[in-house]
Amino acid sequence: MAEDIELQENRAKDYVADNIQVLEGLEAVRKRPAMYIGDISARGLHHLVYEVVDNSIDEALAGFANHIDVTINSDNSIKVVDNGRGIPVDMHEKMHKPALEVVLTVLHAGGKFDKGSYKVSGGLHGVGVSCVNALSDYLRAEIHRDGKIHMQEYSFGKPTCDLTVIGETDHTGTTIIFHPDASIFTETVYDYETLASRLRDLAFLNAGITLTLTDERDMNDKGEYRKDVFHSDEGLKQFVRYIDQGKESLINDIIHLNTVKNDVPVEVAFTYNTSFSESIFSYVNNINTIEGGTHLTGFRRGLTVTLKKYAEENKLLDKLKIELSKEDFLNGLTAVVSVKVAEPQFEGQTKTKLGNNEVAGVVQVAVSEALRNFLEENPKQAKIIVDKVVLAAQARQAAYNARMKVQRKSPLSGAGLPGKLADCKSRDAAACEIFLVEGDSAGGSAKQGRNPNYQAILPLRGKILNVEKALDHKVFESEEIVNMFKALGVTVGTEEDSNEPNMSKLRYHKIIIMTDADVDGAHIATLLMTFFFRKIRPIIENGYLYIATPPLYKCSTKNKKTQEYAWDDHQVQRFVDTYCDGNRDRMVLQRYKGLGEMNPEQLWETTMDPENRMLKQVTLTNASEADRTFSILMGEEVGPRREFIEAHATYANIDA
């Protein structure tokens, strides 16, 4: 309660109309929306929510808010409510209109261009809420400020009424309700899990703030809407614990630092587990910098230099006969790096790589100090970490030897294509696609049914190796995995100190996983997605990975005059209602248990023909959540996997 009173007392004095600076107009947003929000698909649709929420987070970072509520309304509109100061509503001196209207209708207008209003800001370019307004067919703003509730409505970025007072209030804050313009976006249905993932991250990144997500489209038997509350008292320490939920810990502690160096707030948390992959996630002002940048460089340098120096000083590397690589120190590491920078310089328009050179040194010093203290105070855990580094170096050498062995037998690309591959005639990677097919039987049907000009088929025998549990050299001893590398034309580091995939000779820009529509098929598809995520992630990042969706049923009338394929029970019922007068006895229903039950013509018509098929593209909207999911589903820990399945069974489509 005292915290809320303090928030109220701090709010109004230094945030008024004169803090809002105008840089330019809003005319181009509707004409070229992708320039401002990335794209007009589902990703851009969800980005609208992030822009509004980021404004509320900025209020929290400035010390004026601690609660943000997001609601998906029944009509797929969005409501975001915060308990900040409320957007200013007094007249803007230069624009001669209320400051709220300036913020909502003018590009690059906002308090975050005035250093006195916000020290740091996520939506730094200031296009956020004005872009949301421009790309919405309806937007309503309600401002609780100065004891009054102010309201203004907009359509397609233009006000439809004057700013009016509609009531009195004893608190402050901003409410934004908007409905995306269906003429702009190719997808207008919000995905709960996507929004939940982002809000969860924000809670971890901003300890002490509470965010809620409510879905008014989804009500349970008790009449309750689906809802989640996200709050973290421990910040990144709790974030790392969450990401590592499906992994076996190597050390007891999570190394955590939260400090300010040269006016740059730095928070870092990291630990080691028994896995063989690196999981590092970096953020600047709450923005996920998926391409890293100087803060990530500083973290890696601080970690490797400090850990190596400690190991050498304590003679823990005396028996190691090979040179350590920087990659060895990252094996089994899970880390989150978050910095707040007053004037961040991002490379490119997408804000995915930090360019501020001074931040590298700041983070390196902070990490070095914290890690050195931990190692000196915890010698037993320090030795365990160093032993893990040594094991990683030995495994790297073994993997290099395994790759070289494969290379000597036959190249991983080019002339050494696997014998089971039925390749296509075209050599234009952008036009070519390859089906990774479960089993020789389905592979045979696919080979006969395909279009050989641009479609290649690679049958896979059974379930491939689970790379989540395997050392790298075991991966390169797996025939099925080596065959995939060869067929795709991808090599994985023939350099001893590199484990990065070489994509320069990738032979297909559509890689389609085609498995049976049952539990075993779903397991095989998950194994394959795990393989791509852990070993060839650029395939996913570039949008090249897809999942085929063969039909579950073939519906026919008794006289066989009308036949249709169905992918779910709703489509079956629609067939009954349309062609059988609602009587299921007048329908013949065939349930496909596997791809092998379809003849080549059926497989082509339902699953492979670009004119008729339905492909699900595998995208990576949140790398930390994907990392956690694959670790839980494919890792050693049974308990977290059971909890995950139970928690998601109501909402997940396990055949997807």
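The figures here come from the full heavy-atom set of this structure, side chains too, leaving out hydrogens, waters and symmetry mates. Numbers for residues simply follow the sequence, beginning at 1. Bear in mind the structure is a predicted one, so any value in this text is a computation, not a measurement.
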Exercise. Using 4.0 Å as the upper bound for N to carboxylate O, is an ion pair formed by Arg217 and Asp75?
Worked result: no

Problem set entry | ring pair (Phe, Tyr, Trp, His ring centres under 6.0 Å) against Tyr190, all qualifying residues, sequence neighbours excluded | His46

For this session: Check whether any side-chain N or O of Asp82 sits under 3.5 Å from a backbone N or O of Ile68 as a donor-acceptor pair, and report yes or no.
Result: no

Exercise. Would you say the side-chain atoms of Asp181 pair up with the backbone N or O of Ser183, donor to acceptor, closer than 3.5 Å?
Worked result: yes

Exercise. Listed by chain and number, what are the salt bridge (charged side-chain N to carboxylate O under 4.0 Å, His left out) partners of Glu234, not counting sequence neighbours?
Worked result: Arg241

Problem set entry | Sidechain N-carboxylate O distance under 4.0 Å for Arg613, Glu433 | yes

Exercise. In chain order, what residues pass the ring pair (Phe, Tyr, Trp, His ring centres under 6.0 Å) check against Phe533, with sequence neighbours excluded?
Worked result: Phe630

Exercise. Does Thr334 offer a backbone N or O that forms a donor-acceptor pair with the side chain of Asp244 under 3.5 Å?
Worked result: no

Exercise. Of all residues at least two apart in sequence or in a different chain, which pass the ring pair (Phe, Tyr, Trp, His ring centres under 6.0 Å) check with Phe239?
Worked result: Phe204

Exercise. Is it true that the NZ or CZ of Lys616 lies under 6.0 Å from the centre of Tyr546's six-membered ring and within 45 degrees of the ring axis?
Worked result: no

For this session: May I ask you to decide whether Asp191 forms a salt bridge with Arg43, counting only side-chain N to carboxylate O separations under 4.0 Å?
Result: no

For this session: Tell me whether the guanidinium CZ or amine NZ of Arg226 lies under 6.0 angstrom from the six-membered ring centre of Tyr192 and within 45° of its axis.
Result: yes

Exercise. Can Asn76 and Thr188 be counted as having a side-chain donor-acceptor contact under 3.5 angstrom?
Worked result: no

Problem set entry | Tyr579: partners by ring pair (Phe, Tyr, Trp, His ring centres under 6.0 Å), with sequence neighbours left out | Phe575

Exercise. For the residue pair Tyr544 and His509, is the inter-centroid distance of their aromatic rings smaller than 6.0 Å?
Worked result: yes

For this session: Quick one: list whatever passes side-chain contact (heavy atoms from CB on, under 4.5 Å) with Asp569, sequence neighbours left out.
Result: Tyr553

For this session: Might you point out which heavy atoms bring Thr294 and Asn356 nearest each other, and give the distance in Å?
Result: OG1-O, 2.7 Å

